[in-house]
Peer 1: 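A single structure is presented below for examination.
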There are 2 protein chains.
Amino acid sequence: MRRFNRAVTVEVGALDSSFLGRGRPLGAARVLTAIGPEGRDVAAIRETLKLDSGLMSRLLRGLEAEGLLTVARDPDDGRRRIARLTPAGAAEVAQYDALSNDRAARLLAAHPRPEALLAAMDLIATALGRDRIEITHIDPEAPAARHCLQNYYAELAQRFETGFDPATSLDPEAAALRPPLGRFLVAMSDGLPVGAVALKGNGTETGELKRLWVAPAARGLGLARRLMAEAQAAARELGMTRLRLDTNRALTEAIALYRRDGWTEIPAFNTEPYAHHWFEKSL
Amino acid sequence: MRRFNRAVTVEVGALDSSFLGRGRPLGAARVLTAIGPEGRDVAAIRETLKLDSGLMSRLLRGLEAEGLLTVARDPDDGRRRIARLTPAGAAEVAQYDALSNDRAARLLAAHPRPEALLAAMDLIATALGRDRIEITHIDPEAPAARHCLQNYYAELAQRFETGFDPATSLDPEAAALRPPLGRFLVAMSDGLPVGAVALKGNGTETGELKRLWVAPAARGLGLARRLMAEAQAAARELGMTRLRLDTNRALTEAIALYRRDGWTEIPAFNTEPYAHHWFEKSL
DNA sequence: CATGGTACCTGACTAAAGTCAGATAATCCG
DNA sequence: CGGATTATCTGACTTTAGTCAGGTACCATG
């Protein structure tokens with residue numbers, strides 16, 4: 001553990017000094033790379049970098065003078081300001097990205113088992129960021145949602161004895177998973193989706209939960225339970241009084257979770273070909 | 001990968017600010033913890049922390065004024081100076097260690113699979129520190145040597161179809177593995193032994209290699225080959241002209257390595273009960 | 001429309017980190 | 001021995017990071 005700390009500190013330090021090689025103090029470089037291609041709220045940048053407003057303001061002024069960004073007032077709220085990269089600024093950010101990608105690529109290329117290395121990093125990033133996992137509502141067709149569903153399907157294909165083909169399963173319409181009918185919830189860890197659940201509604205007081213998934217690196221952190229709790233809260237908000245779900249007998253942990261969390265098994269309420277158990281819970 | 005970087009940077013930053021909580025600037029804290037219980041060469045500290053000599057000198061003076069360390073001249077070389085912790089300094093270091101151990105313990109305790117997390121950290125620490133793996137000669141009864149041998153035996157017990165009991169194997173006397181007869185080589189990565197090989201001598205021109213082991217997290221980095229090369233160089237230094245070794249048929253990678261590196265199979269030259277193959281190489 | 005709160009800016013400051021050019025004493029090497 | 005080299009120290013700097021106390025413009029609310 002201490003060895004890990006040391007190795008990582010050295011690596012972070014080396015990355016920082018390679019950043020310094022571009023002739024700009026680290027604080028300024030961090031602000032620049034925190035803006036993102038779309039531009040970003042000054043307050044949001046300050047929040048993620050934990051900077052004092054005075055310092056932030058000065059750094060922005062410096063970068064503005066270099067011609068790397070522009071700061072404009074937010075049309076929705078005149079107090080807020082939005083920083084946007086100029087083409088020159090975007091080019092600088094690309095240079096910084098290249099520096100860190102190079103290091104990463106070299107590290108991976110030199111390693112005999114790059115997949116193992118990536119899996120290890122994933123595990124550690126999730127472990128370190130576990131208190132920062134946030135559950136948010138997104139559109140069921142957003143990239144993060146697609147990412148979760150793809151991983152979910154891939155895992156089902158592996159775990160079901162019959163395999164899994166999404167085309168033959170009952171696939172809810174996207175409209176049933178977005179307001180005002182339903183919701184799509186994802187758990188995000190540092191910008192990466194690590195879990196999801198879909199709440200399907202049809203305008204009645206009975207909703208349905210579908211597509212509960214947690215990334216392998218984030219399992220055992222109680223994330224599935226948190227997702228379920230958030231989904232139930234969302235269902236209540238939408239005026240639902242009862243939730244149902246179906247599941248496959250291969251998903252034993254999920255079934256155990258449902259039982260523990262007060263779901264009761266009921267007869268089949270749909271014709272889902274992959275389902276063996278059906279559950280219900282009143283809110 | 002970027003996510004890993006961010007998570008780790010945040011963690012390192014958090015650890016740093018918890019260090020600041022002890023009312024001493026980070027630079028001074030780093031110097032203090034870099035000294036180690038035995039005292040350390042000022043130049044060596046400067047090297048690992050990459051500090052300017054002026055800065056280093058001032059930090060030492062400050063810590064000395066606090067009564068946390070003493071600086072004395074090196075008896076072997078009057079230009080060099082050796083920093084040693086006073087009891088008060090050792091207590092401070094213990095406090096810093098406690099801070100980082102607490103964080104580590106909390107992280108591990110909160111994780112569902114602490115072993116997996118540790119293995120992942122080990123893998124990453126080794127991957128990041130691979131250019132810093134150093135091969136040194138140590139005493140065959142030093143703690144690092146014991147550590148390697150224990151892991152080596154444990155692995156043999158698992159891989160040999162008959163199991164492995166060191167008591168029934170031909171165990172070289174420690175004297176045959178230390179100068180002037182032989183050598184014991186370990187590969188150290190940031191203070192942790194990650195590989196070893198023993199060179200057994202009996203005063204003649206024929207030596208024997210034994211106990212070649214590489215830690216799982218460090219496999220595939222070509223470390224076994226480096227260890228073999230260093231051992232051969234050490235054998236030449238000791239005036240040997242021929243090396244022999246025996247091995248078990250379960251150790252297929254090792255056998256492949258010997259063949260690739262110019263060893264030739266020969267008839268049994270000893271009665272090692274666990275051996276199936278015997279090799280020889282002239283230097 | 002006054003009031004309190006928010007987001008940002010500015011100026012004045014401090015602490016920490018790092019740089020640079022000698023100075024000094026010890027060692028190495030021919 | 002004498003010149004070159006090395007390890008450390010000292011003093012005089014600069015840069016970066018960060019803090020703090022106002023100040024200005026804007027928003028939300030009764």
Side-chain angles (χ1 to χ4, degrees), chain A residues 9-10 12-35 39-66 69-84, chain B residues 9-10 12-35 39-66 69-84:
Chain A
T9 307
V10 168
V12 167
L15 187 60
D16 283 357
S17 45
S18 84
F19 269 36
L20 282 175
R22 295 203 58 74
R24 191 169 294 111
L26 260 164
R30 269 199 264 269
V31 169
L32 206 56
T33 54
I35 293 177
R40 196 151 167 233
D41 218 289
V42 170
I45 301 172
R46 240 179 40 216
E47 166 73 17
T48 57
L49 302 181
K50 301 203 174 102
L51 293 176
D52 174 82
S53 74
L55 183 51
M56 178 81 215
S57 171
R58 255 179 284 272
L59 289 171
L60 283 176
R61 214 78 326 107
L63 292 166
E64 216 172 8
E66 279 193 84
L69 55 78
T70 57
V71 179
R73 49 178 289 173
D74 185 333
D76 298 337
D77 181 341
R79 292 168 303 183
R80 286 167 174 275
R81 315 200 63 191
I82 295 179
R84 259 179 259 277
Chain B
T9 307
V10 168
V12 168
L15 187 60
D16 283 356
S17 43
S18 83
F19 270 34
L20 281 176
R22 295 203 58 73
R24 193 169 292 110
L26 229 81
R30 269 199 263 269
V31 169
L32 206 56
T33 54
I35 293 178
R40 197 148 168 235
D41 219 279
V42 170
I45 301 173
R46 237 180 43 217
E47 166 73 18
T48 57
L49 301 181
K50 303 205 172 103
L51 292 177
D52 174 82
S53 73
L55 183 50
M56 179 81 217
S57 171
R58 254 178 285 269
L59 289 171
L60 283 177
R61 215 76 332 104
L63 292 166
E64 217 171 7
E66 279 194 85
L69 54 80
T70 58
V71 179
R73 49 177 292 174
D74 185 332
D76 298 336
D77 181 340
R79 292 167 303 184
R80 286 165 175 275
R81 315 201 63 194
I82 295 180
R84 258 181 259 278

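Below, read A as the first sequence line, B as the second, and so on, with proteins coming before strands; counting in each chain starts at 1.
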Peer 1: Are A:Arg80 and C:dC8 close enough that a side-chain N or O sits under 4.0 Å from OP1 or OP2?
Peer 2: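 For C:dC8, neither OP1 nor OP2 has a side-chain N or O of A:Arg80 closer than 4.0 Å.
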Peer 1: Got a second to check how far B:Arg30's CZ is from B:Thr48's OG1, nearest 0.5 Å?
Peer 2: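 Atom-to-atom, B:Arg30:CZ and B:Thr48:OG1 are 10.5 Å apart.
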Peer 1: From CG of A:Leu49 over to P of C:dC8, roughly how many Å is that when rounded to an integer?
Peer 2: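 Taking CG of A:Leu49 and P of C:dC8, I get 13 Å after rounding.
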Peer 1: List in numerical order all residues of residues 15-33 of chain B for which some heavy atom is under 4.0 Å away from an atom belonging to DNA chain C.
Peer 2: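 Going residue by residue through residues 15-33 of chain B, the ones with a heavy atom under 4.0 Å of DNA chain C turn out to be B:Pro25, B:Leu26, B:Gly27.
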Peer 1: To the nearest Å, give me how far apart CZ (B:Arg79) and C1' (C:dA26) are.
Peer 2: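 Computing the B:Arg79:CZ to C:dA26:C1' distance gives 6 Å.
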Peer 1: Give the rounded distance in Å between these two atoms: CG of B:Asp41 and C1' of D:dT6.
Peer 2: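 Atom CG in B:Asp41 sits about 13 Å away from atom C1' in D:dT6.
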Peer 1: Using modelled atom types only, decide if a donor and an acceptor are shared between the side chain of B:Arg84 and the backbone of B:Ala72 within a distance under 3.5 Å.
Peer 2: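 Checked: no pair found.
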Peer 1: Let me confirm one number: the CZ-CG distance from A:Arg58 to A:Leu63, rounded to the nearest 0.5 Å.
Peer 2: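 Atom-to-atom, A:Arg58:CZ and A:Leu63:CG are 13.5 Å apart.
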Peer 1: Would you compute the distance between atom CD1 of A:Ile82 and atom CG of A:Asp76 and round it to the nearest 0.5 angstrom?
Peer 2: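 Answer for the CD1-CG pair, A:Ile82 versus A:Asp76, is 7.5 Å.
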Peer 1: Please tell me which of A:Leu51 and A:Asp76 maps to the more 5' nucleotide of DNA chain D, matching each residue to the nucleotide holding its nearest heavy atom.
Peer 2: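 In this pair, the answer is A:Leu51.
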Peer 1: What is the distance, rounded to the nearest whole Å, between atom CZ of A:Arg73 and atom P of C:dC8?
Peer 2: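 The distance from CZ of A:Arg73 to P of C:dC8 comes to 12 Å, rounded to the nearest Å.
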Peer 1: Is it true that a side-chain atom of B:Arg46 and a backbone atom of B:Val42 form a donor plus acceptor pair closer than 3.5 Å?
Peer 2: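 No, the answer is negative, given that no donor and acceptor are paired below the 3.5 Å cut-off.
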Peer 1: State the CZ-CD1 distance between A:Arg81 and A:Ile45, to the nearest 0.5 angstrom.
Peer 2: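 Output value for this atom pair is 12.0 Å.
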Peer 1: Roughly how many Å is it from CD1 in A:Ile45 to C1' in C:dC8, rounded to a whole number?
Peer 2: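 Nearest whole value for this atom pair: 13 Å.
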Peer 1: Please list, by residue number, the residues of residues 52-66 of chain A whose heavy atoms come closer than 4.0 Å to an atom of DNA chain C; answer none if no residue qualifies.
Peer 2: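 Going residue by residue through residues 52-66 of chain A, the ones with a heavy atom under 4.0 Å of DNA chain C turn out to be A:Ser53, A:Gly54, A:Ser57, A:Arg58, A:Arg61.
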Peer 1: Can you check whether A:Arg46 has a side-chain N or O nearer than 4.0 Å to OP1 or OP2 of C:dC8?
Peer 2: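 Answer is yes, contact under 4.0 Å.
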Peer 1: How many whole angstroms separate atom NZ of A:Lys50 from atom P of D:dT19?
Peer 2: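 Answer to the nearest Å: 13 Å.
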Peer 1: Where do B:Val31 and B:Leu51 land on the side-chain contact (heavy atoms from CB on, under 4.5 Å) test, with the steps shown first?
Peer 2: CA-CA 10 Å; B:Val31 169; B:Leu51 292 177; 4.0 Å; yes
Peer 1: Out of curiosity, A:Leu32 CG to A:Arg24 CZ, how far, rounded to the nearest 0.5 Å?
Peer 2: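 The distance works out to 6.0 Å.
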Peer 1: Among D:dG18, C:dC8, D:dT8, which nucleotide has an atom closest to any side-chain atom of A:Arg81?
Peer 2: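 Selected nucleotide (nearest to the side chain): C:dC8.
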Peer 1: Using whole Å, report how far CG of A:Asp74 lies from P of D:dA25.
Peer 2: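 Distance check: A:Asp74 CG to D:dA25 P gives 19 Å.
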Peer 1: Donor-acceptor pair, distance only, cut-off 3.5 Å: does the side chain of B:Arg80 make one with the backbone of B:Asp41?
Peer 2: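 Judged by distance alone, no pair lies under 3.5 Å.
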